[in-house]
> 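Pasting a structure here, questions to come.
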Amino acid sequence: MTRAAIRLVALCALFLLPARLKPGSDAPIRMEEAFQARSTFEISTSINLSGRLPANLEQFGKEAGTSAISALGATRYVERVLETPDPQTVRATVRLYRSATLDKKIAETPQHIDLRSSVARIVIRRSDGEITAFSPDGALTGPELDLIRAETFTPALSGILPRGPVQPGDHWDVTAEAASELTGIAPIQSGGLRCSFREIQKSDQGKVARVAIGGSLSGPSDHGQSRQTIDGYYLFSLEHQHVTRLVLDGRSEIL
């Protein structure tokens, strides 16, 4: 069983579409994030995870020992869209990493991963939910690939947004694609994530919609059959029409 606290902060910047509606106090609003080729945004993420894993996954559920695990990591990069057949579908992006580090520990064995500056330019291709990552400047090491592949494919998060005009108090389901992207569970065999529009707030970036996101889902993951319970929120800029912050607390259990 793994207890995970995940904090993901997304800051989007350049070439973004303006808001389609200027919301009043009661007027329905749209939250739509469209992507165009060459659109660019800046992402910052951080992760804080702790828990326990069975020493041997094949013996999980039997009298097998467990190992404590922990991980602390952070990344900063600028990402540009390369291929987009339509505003809701992105097939490839290129990232320029400013920094990417992860410190993890399993039992008493620590590991430090730091993306080398010589391979800081990374091309990401996504097809049928699978991620391919490579650097045109050199070969990535195994730990560097693990670090990059763990990052969320940002355009897939458009699935957390509503499909039509909404008002505070409205609810909607997160798409299976976005839920899998956030949790690493694919395909989802039961459950899902759901959003609830809480309120409109004022911020340094103007008006933002605060949306709660949470739920429980289960299915196969990298560690085998798993169940995750998520509770968090995101902020959506009504002026610039993009997600500016996403914070998730999660609990993951190996079944």
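Heavy-atom basis, side chains included; hydrogens, waters and symmetry copies ignored.
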> For Asp146, give me all partners under side chain to side chain contact (heavy atoms under 4.5 Å, CB included), at least two apart in sequence or on another chain.
none
> Between the side chain of Thr40 and the main-chain N/O of Arg38, is any donor-acceptor distance below 3.5 Å?
yes
> Does Arg163 CZ have over 12 foreign heavy atoms under 6.0 Å away?
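Buried by this count: over 12 neighbours within 6.0 Å.
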> With a 4.5 Å limit on heavy-atom distance, are the side chains of Ile69 and Arg52 in contact?
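SC-SC contact between Ile69 and Arg52 ruled out.
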> To the nearest 0.5 Å, what is the distance between CG on Leu96 and CD1 on Ile122?
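Reported value, rounded in 0.5 Å steps: 9.5 Å.
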> Do Phe236 and Trp172 belong together in a cluster built from hydrophobic side chains that touch within less than 4.5 Å?
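In one cluster with Phe236: Trp172, yes.
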> Answer whether the closest heavy-atom distance between the side chains of Ile43 and Thr75 falls below 4.5 Å.
no
> Can you tell me how far apart OG (Ser39) and CZ (Arg80) are? Round to the nearest 0.5 Å.
8.5 Å
> State, yes or no, whether a side-chain contact exists between Arg121 and Pro136 at a heavy-atom distance under 4.5 Å.
yes
> Could you pull out all residues at least two apart from Ser70 that satisfy side chain to side chain contact (heavy atoms under 4.5 Å, CB included)?
Lys105
> Find the distance between OG1 (Thr132) and CZ (Arg125) and round it off to the nearest 0.5 Å.
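These two atoms lie 8.5 Å from each other.
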> Counting only heavy atoms not in Glu199 (residues, nucleotides, ligands), do more than 12 fall under 6.0 Å from its CD?
yes
> Do Ile113 and Phe134 share a hydrophobic cluster, counting only Ile, Leu, Val, Met, Phe, Trp and Tyr and linking them when any side-chain heavy atoms are less than 4.5 Å apart?
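No: no chain of side-chain contacts under 4.5 Å links Ile113 to Phe134.
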> Within a reach of under 6.0 Å around CD of Glu108, are more than 12 heavy atoms found that belong to other residues, nucleotides or ligands?
no
> Report yes if the side chains of Arg198 and Ser196 come closer than 4.5 Å at any heavy-atom pair, otherwise no.
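A side-chain contact under 4.5 Å exists here.
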> Is it the case that over 12 heavy atoms from other parts of the model lie below 6.0 angstrom from the CZ atom of Arg227?
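Atom CZ in Arg227 is not packed in, count stays at 12 or less.
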> Exactly one of Val166, Ile160, Val243 should register a side-chain contact (heavy atoms from CB on, under 4.5 Å) with Met31. Which one does?
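The residue from Val166, Ile160, Val243 that satisfies side-chain contact (heavy atoms from CB on, under 4.5 Å) with Met31 turns out to be Val166.
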> Got Val208 and Ser203 here, is their nearest side-chain heavy-atom distance under 4.5 Å?
yes
> Are Val81 and Ile131 connected into the same hydrophobic cluster when the rule is that any two of I, L, V, M, F, W, Y join if their side-chain heavy atoms are below 4.5 Å apart?
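In one cluster with Ile131: Val81, yes.
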> What I'd like to find out is whether the side chain of Ile124 reaches to under 4.5 Å of the side chain of Leu82, using heavy atoms alone.
no
> Within the distance-only criterion (no hydrogens, no angle test), does the side chain of His171 pair as donor or acceptor with the backbone N or O of Gly169 below 3.5 angstrom?
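Yes, because the side chain of His171 sits within donor-acceptor range (under 3.5 Å) of the backbone of Gly169.
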> Taking the side chain as every heavy atom from C-beta outward, state whether Glu151 and Arg95 have any atom pair closer than 4.5 Å.
yes
> Do the side chain of Glu144 and the main chain of Arg116 share a donor and acceptor less than 3.5 angstrom apart?
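Judged by distance alone, yes, a pair lies under 3.5 Å.
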> Between CG of Leu238 and CZ of Arg30, what distance do you get to the nearest 0.5 Å?
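Spacing of CG (Leu238) from CZ (Arg30) equals 13.5 Å.
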> Holding to ring-ring contact (aromatic ring centres under 6.0 Å, His included), I want the full list of residues that pass it with Tyr77, two or more places apart in sequence or in another chain.
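Once residues adjacent in sequence are excluded, the partners of Tyr77 under the ring-ring contact (aromatic ring centres under 6.0 Å, His included) criterion are Tyr97.
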> In plain terms, say whether Arg126 and Glu181 are close enough for a salt bridge, that is, a side-chain N and a carboxylate O under 4.0 Å apart.
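Looking at Arg126 and Glu181, the cut-off is met.
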> For the pair Thr84 (side chain) and Ala37 (backbone), establish whether a donor and an acceptor sit closer than 3.5 Å, ignoring hydrogens and angles.
no
> Hey, are the side chains of Arg98 and Val78 touching, using non-hydrogen atoms and a 4.5 Å cut-off?
yes
> Can you tell me how far the OG1 atom of Thr93 sits from the CD atom of Glu79, to the nearest 0.5 Å?
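Answer for the OG1-CD pair, Thr93 versus Glu79, is 3.5 Å.
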> Taking Thr152 for the side chain and Thr154 for the main chain, is one N or O donor matched with an acceptor at less than 3.5 Å?
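Not a single qualifying donor-acceptor pair exists.
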> Nearest 0.5 Å, please: how far is CD in Glu177 from CZ in Phe153?
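The CD atom of Glu177 is 9.0 Å from CZ of Phe153, to the nearest 0.5 Å.
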